[in-house]
Amino acid sequence: MSSAHPTDTRRRILQAAKQIAQDNRSIQGVTISLEAVAKRAGLTKPGLLYHFPTKEALITGLVDAAAANWAQMISAACTQAAVEASDGTGDSGCAGAPGHDPEPAGEPADFSVFARYRGYVRVATSARVSRADYWIFSDALYHPALSHVWHDRLNPWFSTAGVSAAARAWLTTARFCADGAWMSEATGMFPAAELDSVRSHALELVDRARAAEDEHG
């Protein structure tokens, strides 16, 4: 029998850690031990330590995987919208730069700032998120090394460099709306009854940003 690929094992470990966080019900907060993660992943502790030598390395890996997943989802949303816009079946507001055929490379530079924000709004108001997702995000706020992981992964998607102050204000408002939507859904605290409407309003804010930029230019 062939051994599991290292990448698959790492993914299994990270999924096990996330499941433990999701199952946590303690009022003292989430605590994750290497022993518990190894057991949940079906590994020995030395087997886990081969991939993540310390608890800090494990948590960093968990945060990086989460941030990378958000970036991938935003990229996919923008790419799909660009493809649909090119054949007239989708929302042209999420296409790439005007006058250029959409390229499914999926990097932030492949899309306009308005496309990137529309992509984020769509993801944040439709992705399946859990309490564990919220914990992974919020716990990083108390650890600079972890917050840098989020910043490095997502800042290219959220950057508003080069746009006017008026457009930037509208984009920031749209992002705050999307932030609140996914966090509310993840925690289960006051989730939106009409999430589709929330998405529509947030997308309208991005449209206002584009209009403000057009007026400025």
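This structure is a prediction, so every number in the text was calculated from the model and none was measured. Starting from 1, each residue takes its place in the sequence as its number.
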Working to the nearest 0.5 angstrom, can you tell me the gap between [X] [atom1] and [Y] [atom2]?
| X | Y | atom1 | atom2 | value |
| --- | --- | --- | --- | --- |
| F158 | T172 | CZ | OG1 | 10.5 Å |
| D64 | H148 | CG | NE2 | 14.0 Å |
| R131 | N24 | CZ | CG | 7.0 Å |
| K55 | S33 | NZ | OG | 7.0 Å |
| L34 | L43 | CG | CG | 12.0 Å |
| T9 | H51 | OG1 | NE2 | 4.5 Å |

**Asked** Of D207, L205, I74, which is the lone residue that meets side-chain contact (heavy atoms from CB on, under 4.5 Å) with R118?
**Response**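 Checked D207, L205, I74 against R118; only one passes side-chain contact (heavy atoms from CB on, under 4.5 Å): D207.
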**Prompt:** Taking the six-membered ring for Trp, are W182 and F137 parallel (under 30°), tilted (30 to 60°) or perpendicular (over 60°)?
**Reply:** perpendicular
**Message:** Can you classify the ring geometry of Y120 versus W70 as parallel (below 30°), tilted (30 to 60°) or perpendicular (above 60°)?
**Reply:**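 Ring orientation, 0 to 90° scale: tilted.
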Does the side chain of [Y] come within less than 4.5 Å of [X]'s, by heavy atoms?
| X | Y | value |
| --- | --- | --- |
| R11 | D8 | yes |
| E35 | L48 | no |
| K18 | D133 | yes |
| V129 | Y134 | no |
| L62 | W135 | yes |
| I136 | W150 | yes |
| L49 | T54 | no |

**Message:** Evaluate D179 against R175 for salt bridge (Lys or Arg N to Asp or Glu O under 4.0 Å), listing each step before the verdict.
**Reply:** CA-CA 6 Å; D179 288 345; R175 180 169 62 82; 3.5 Å; yes
**Message:** Please evaluate residues R12 and Q15 with respect to the criterion side chain to side chain contact (heavy atoms under 4.5 Å, CB included), reporting the C-alpha separation (whole Å), side-chain torsions for both, the decisive distance (0.1 Å), and the verdict.
**Reply:** CA-CA 5 Å; R12 191 164 87 245; Q15 184 60 36; 5.7 Å; no
Is the side chain of [X] donor-acceptor paired with the backbone N or O of [Y] at a distance under 3.5 Å, no angle test?
| X | Y | answer |
| --- | --- | --- |
| S147 | P144 | yes |
| S184 | M189 | yes |
| S75 | A71 | no |

Least distance between heavy atoms, [X] atom then [Y] atom:
| X | Y | value |
| --- | --- | --- |
| Y117 | V206 | CB-CG2, 4.2 Å |
| E185 | A192 | OE2-N, 3.4 Å |
| W157 | E107 | CH2-C, 3.9 Å |
| L195 | A181 | CD1-CB, 4.1 Å |
| R116 | C78 | CA-SG, 3.8 Å |
| A77 | V123 | CB-CG2, 3.8 Å |

**Message:** Tell me whether M183 shares a hydrophobic cluster with V198, the cluster being built from Ile, Leu, Val, Met, Phe, Trp, Tyr side chains joined at under 4.5 Å.
**Reply:**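 Different clusters.
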Using a 3.5 Å cut-off and no angle test, enumerate the donor-acceptor pairs between side-chain atoms of residues 159-170 and protein atoms at least two apart in sequence or in another chain.
residue, atom, partner, partner atom, Å
S159, OG, A161, N, 3.4
S164, OG, A167, N, 3.3
S164, OG, E213, OE1, 2.8
R168, NH1, V163, O, 3.2

**Message:** So for atom NE2, which belongs to H151, do other residues, nucleotides or ligands contribute more than 12 heavy atoms lying within a distance under 6.0 Å?
**Reply:** no
